[in-house]
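Report on the structure given below.
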Amino acid sequence: MTSESVLTVTDMSKSFGVVRALKGVDFELRDGEVHGLIGENGSGKSTLTSIVAGQQRADAGTVHFLGRPWSPASVNEALDGGIGMIVQESGTVPGISVAENLFLGDAGRFVRLGLVDRAAMNREAGRALAAIGIDAIDPRTPAGALDFQTRKLVELARVMMHAPKVVVVDETTTALSQHGRETLYRLVDEQRARGSVIFISHDLEEILAVCDRLTVLRDGEMIRTFEKSEFDEDAIRAAMIGRNLDGHYYRADTTATAFPQVLLRATDVTVGDKVRGVDLVVRAGEIVGIGGLSHCGMHELGQALFGAVRLDAGNVVVNGKRIVNEQRAVRAAMGYVSKDRDTESLSLTASISDNIASAGLRLLGRGRGGLITRRAEERYVAGPMRQLAIKATNDRQVVGTLSGGNKQKVVFGKWIACGSEVLILDCPTRGVDIGVKQAMYRLMVQLKSEGKAIVMVSEEMTELMGMCDRLLIMKDGTVAREFQRGPELTEMEIIQCMI
Amino acid sequence: MGAGLMRRATGTLIIPVGAFVVLTALCSLNGVSLFHTDDSLLLLTRGVATTMLTSMALAINLNSGRFDFSLGAMATLSSVVGATVAIQTGGGFAVMALVTIGTGILLGVVSGLVYVLLGISPMVCSLGITLLYEGISFAITGGANVSFLLDRGLTSFAKSTLAMVLVVAVGLVLVYTVFDRTRFGFDYRALITGQAAAVASGTKEKRNAVLTYAVSGALMSVVGLIIASQMGYIEAGKLNFGSIGIMFTAFLPVFIGGYIGRFSNDKLGFLLGALTMTLVGLAFAALSLSSTVQSITNALLLVGFLMFLSNEERIGRAWRSVTHRRGASPSGPAAPTTAATPNKAPVTSGVNAS
Amino acid sequence: MKISRSTALAATAALGLSFGLTACGGGSDSAAGGGSDPVKMCVLVADATSSEALGFKDYYTTYIQENFPVEFVYSEEVGDADAEKRAMESFIANNCEAIISFASADRPTQIQMAEDAGIYYAVATGTLSDDQYEEFKDYQYYVGAIGPSLGVEYQAGYDMAKYFVEQGDTRFAIYGAGVPYYIDMHIYRTAGMLAALAEEPSTSYGGATDFGAILGKIMQDGTVKVADFQSDVYELTGYHEVWSFDDAAWQANLAAVVASKPDVILAAGTGFAVFGAAVADTGITIGDIDAYTDENGQAMKEGLVGYLAGKFTSSIGPIFAATYAAVEGHPIRAEGDTALALEQGYWVATSPEQFDAFLAGDTIENPFYGKAELEQFANGDQGYDTFEAFVAAYTYVAD
Amino acid sequence: MHDLTQRTRPGANGTSGPNGTAARRRSPRELVPALAPLLGLVVLTVAFVVVGTVSGVNMSYSVQTLINQSVVIVIIATGAIFIFAMGSFDISLGASTLVAAMVGGLAYNATESLVAMLVACILTAVATSLVSASLAAVFNLPVFVTTVAMLSVLGAVAVALVQTTGGAQIKVDSSFARQYDTLPVKLSVAVAFLALCVFLFTYTRLGRVEKLIGGNPVTARLTGVSMKKTAIAAFAIAGLGVGLGAFLTVLRTPTMTTSSAADIGMNVLVAMVFGGMPISGGPRTRIYAALLGGLSMAVLNQTMTTLLATSSAGNGISQVVRALFFLAVVWVATSGHRSKLLPR
């Protein structure tokens, strides 16, 4: 039974403009397996699965599902046919109810005499939610009123209620808490009995734990499929980036270091009930990590340090300047990388050059009476583009067309170019592939050695442990505990104080 | 549940009832009556009918971030066609109504198709469409008024309170049904806040947009019909955006409708918003305010209400801190798109986006 | 939808081509029209929609164009001085040989532009103020003005109110039309109405009883205030004016005026168009200053309009004749080689019979000023005195 | 904007790029949409010349007329680009032009000084503009709705201003106005203001920051851009444009009524869009859009007048043609930026 293939992709190609996202990919999914797909951003994982799940169409190649040719016109058609996908970004619609979300694009099935029978829809929705073990959600609640994780679960229910033969899980777990993950893993496990799962994740550990087989994609090509017996982290990593990663992925040293000079001093920072009386001192050349569960207030603290939210009490002083808003922060040589990169840190329709130059326009005009010439701008932008190895045809390329990793490099470039001394990084490696991640970490180490101060907010415990001189764990808006960098620090200990 | 119901009822009714009380008080202070003529009821219902339908026509597209300058031009052109056909065939009001509404739907479909096929910004598209429809109206009539002042058959419609009440009732029920109860409406509401997600799950966005424009055209054709019937003639010679004035009267009701929609249903909100504005209009007339004073007052009302809407959280926080200190205040301006108030977001975002 | 460069270019090319074709079409048209080139006369209109304006346009574009070798080019409705200027510029660029103006936002500029461009210019309705006339009377290309002066406008309002007073009516409402937009003729007519009422000793408007003071007050306020009307005999039950037709308040005010049950609504213009639908079956009569049109005739038959002062459609015949004569090289000039400044009054009908008689006497097929009457001035055979007498002969004013 | 600057100096690009690839040639697919407004103007100009020649139009006068009719629109629209670049929408420009012109006229009548008139026009326009800006900035109101309200308020102010004269009009001595209503005056005002705008928009922080705000306001804020200061600067420049436009309006039409300048507001909008300005602002903002669009509109209007004025429906038909041309140009101009979803 397990060796029978349910889905075969042969020689599939797909281009977006000049970018070739898939180049003749072959892929086989067996019945009853959880098949991992892994690869750097832009390697083609999502393109492959979105074609299979009806979100878009291939330019060339064939797909066979259960022995028949397969080319669904829409997500709903694919779902009806037996393939459902849970997408990376939020797939729920905030303005309508949970029930309506569950039957998105499919309200037609409740139509009686031309009208939609809302009560029946709600009933059906309640059943679907209960079926995957979440009964705390009222189907009539507007989806926008739910938190991100619950919305993900709604999406999960939306797919699972069709009892699909194949479920595609596309990097969903990054958004989920421990409880949410457990629900997902349970469902993935149960799906083995009914069919198969394609599981996409950046998290190698996770993928190794969950999957039976895994396929590595790189630059739109299929590199290799690993059987469970062949699972080997280094080999997989090497396949992913096409070369062997050198030893230290994170920082090499294990001792906390910093210059004596204090660059950032925050006292009694209070933002509503999200952040309550936090004190923080960051020195030059120091990386301070802030971790915790997603709602512990760490993101809000990061915003507060940068002056992006109004403080209800306390103050933040950087380089002797009190930070009351973003302008002051930037003037005080601070930089901020938001966790929502596309919506908060980039102007997607603008060019790389426009984005990188945006924080340094005053610098660019300095000494010329404010005059900004294209030549000066090109020179200004060329530095970070080279330093960060941003992959683009030229600095005029529109940022929206870049891959996630390159986008994040542009954001970093913006702050490096203008000489920021204090950087607030909120989930700087979210949605970024290993290669870029490593580049970011190296950059952080370099900045540290240059005497810059870095506050890194992150949900990834390993990254915090790997990079930080000091680590603050937040819980309910306050700092629960502070850890110093050291070889004896264990993840267990930290997670303990988070919960 | 009881407290929730109370809150909803209060939120729904506070604006119209408040306006009524204030206006009545103002009028009686000045020794006049808000409903001071025999025709007051007709005026009220007719005002509510035209304002409500215009607000709905504006709002249904604005909700999806589509601002439409061509509402007035659609009203004019559809009634020009309707009246011209009725006069030439001698078919009376039934023909005029049918042709007007049919033309309105057609114009809406054309607007929608132009937008969908050209794929240009809806506001820009509507600029072109406005010029187009105004030009066609002018070309049909040679710029002259289409006049039927003495044709009682055509003018009696807008003189009947009952007919106006029916227009309001039918309009409200139809729009509610279409947008809240049909498959089209479900798709429509999904597209408002989840354009990408809805399209990804197979919702036909283009068809939905064209149909929405068609409904908007139908609503505006009824407005055109009422205004034509009430005036006895149609001014068809407006060129160069002369027709966009009607849109401005619908702004405040749209915002009021959006606000009320958070407590009950936005369609009911448009009715109550239209009612509020019509009452204000009656009060202006009763107090015999000059047009200058009127336009300034209207502007202040609009700005005032928007200030309230845009600063509601701040006001709420201030209010709570005055009344009782403990209160789970929502985070400040830092969380821009949590969409905790989904009904509010689309309405303001539509105009913001402009 | 994908757009390739070729489609885009094709679209542009197609548009360009269609332009080229239209251009050729337009060109051959004008070349083929008639044996000799017609005289291109351009008409500047501030109002393109009222029945009066349409009647005028009909007279020129059908009757006159049939009977004289002229071609009329109409401007779009020009709403302000800048639009007038733009239209004038287009006319000049398009080689108009004469301009007849119905637009009055900035007459001095129009006259000056025409003079600079060497194009004949005539004012078709209304007159210049005395100062303006003094300034421009010697201009070579200024043909002159024939129409109601502001004095005539005042008189029209006065006569109308007086007529109803003499009928024994006491409850009046006033429709001031363009008063808030400071349209002179409407303000003068309205002041005339109030002045007629103020002849009764107990009556005054804002304390004023004579025309000049009443006019001053309206100018000051930019409107008419019902509360300022004092009288033991008459009642001013309501007042209405133009502001916005889409406005609930405007509708309410209109209804309030009707509901105040006046005997008569005295309208400074377009009274029937605005109040016609509203007063049907109420017994209220409208006194209107408008035009002789079928619709107004019908309204008079139905008793909705009791008094109508109007220009008859062909009243703009003489100014055409004078302009045409000037273009043909035989300008009619007043004493001392000055431009014309002749007054025209209104025809007043107070019964359907009278109305019909006027209407019948001036149809598009057979206008009061027909080909024969006008032609005698076209070739320079007749002098100024004959022309003055010809215009003055127009004395249909009700008795 | 970049599209245009790159096009006009193709030779310079190769050398100025830091890494050789920075200034590659653009593919035709990008180029055609970018040049659509310019192509539109060229096509229209050809049509204008052809039609004009065939119909025997007085071309030299006609060209002057073109400038006369477009200069005010071009000036006001160019200033307004600073507002629209941020993604804000000002619908009250026509009304503020009228009010500024009226105040200017009154100032001249009081002082008989050209300079006083100019200063009054500019101060009034800038002040009006700043009222909108501060309402929007301080109270977080959407600019569009704020300016809708301003539209009615300014209309009422215009009526009040006329009333101060106790007459129908505000009238400036026309022989004085004629003295300055000349091409050199208009062109020098226009060139000076356009040069200022191009400079500010292309070579200073302001223009960059505006495009950033238009592209993504949240990002702009988190990059340390002051929304309030930028908005106030933008509205001030737009106000300056309106003031200069009003100044030229007084000179051109010294007789002002409450309905003067009525169609300027919408024409400004059409001119910008016609010239390739995206209505939502952002990185694709082009500072030359107003110039291209304003000229295109004037050329089109002239051509249509020549062709159609003799028929009774002519004005309507000419507007229909204008509408179709407008849609076509916008369609081609935006053809490079289309996604699967409908634009909003």
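Within every chain, numbering begins at 1; the chains are lettered A, B, ... in the order of the sequence lines, protein sequences first and strands thereafter.
- Side-chain contact, C:Glu241 with C:Thr223: a donor N or O sits under 3.5 Å from an acceptor N or O.
- Between the side chains of C:Glu295 and B:Ser147, a donor-acceptor pair is found at a separation under 3.5 Å.
- Between the side chains of B:Ser70 and B:Asp68, a donor-acceptor pair is found at a separation under 3.5 Å.
- For C:Leu254, no part lies under 4.5 angstrom from a heavy atom of chain B.
- Proximity to chain B (any heavy atom under 4.5 Å) is restricted, for C:Glu302, to the side chain, taken from C-beta onward.
- Contact count versus chain C (heavy atoms, under 4.5 Å) is highest, among B:Asn145, B:Thr155, B:Val223, for B:Asn145.
- The ring of B:Phe157 has its center closer than 6.0 angstrom to the ring center of B:Phe93.
- Neither the backbone nor the side chain of C:Tyr239 has a heavy atom closer than 4.5 Å to any heavy atom of chain B.
- Residues C:Tyr175 and C:Phe275 place their aromatic rings such that the two centres sit under 6.0 Å apart.
- Results of the side chain to side chain contact (heavy atoms under 4.5 Å, CB included) test with C:His240 over C:Val224, C:Ile265, C:Val257 single out C:Val257 as the only residue that passes.
- Looking at B:Leu239, only its side chain comes within 4.5 Å of chain C, counting heavy atoms on both sides.
- Looking at B:Phe248, there are no atoms closer than 4.5 Å to chain C (heavy atoms on both sides), in backbone or side chain.
- When each of C:Ala299, C:Ala273, C:Gly276, C:Ala278 is scored by its heavy-atom pairs under 4.5 Å with chain B, the top score falls to C:Ala273.
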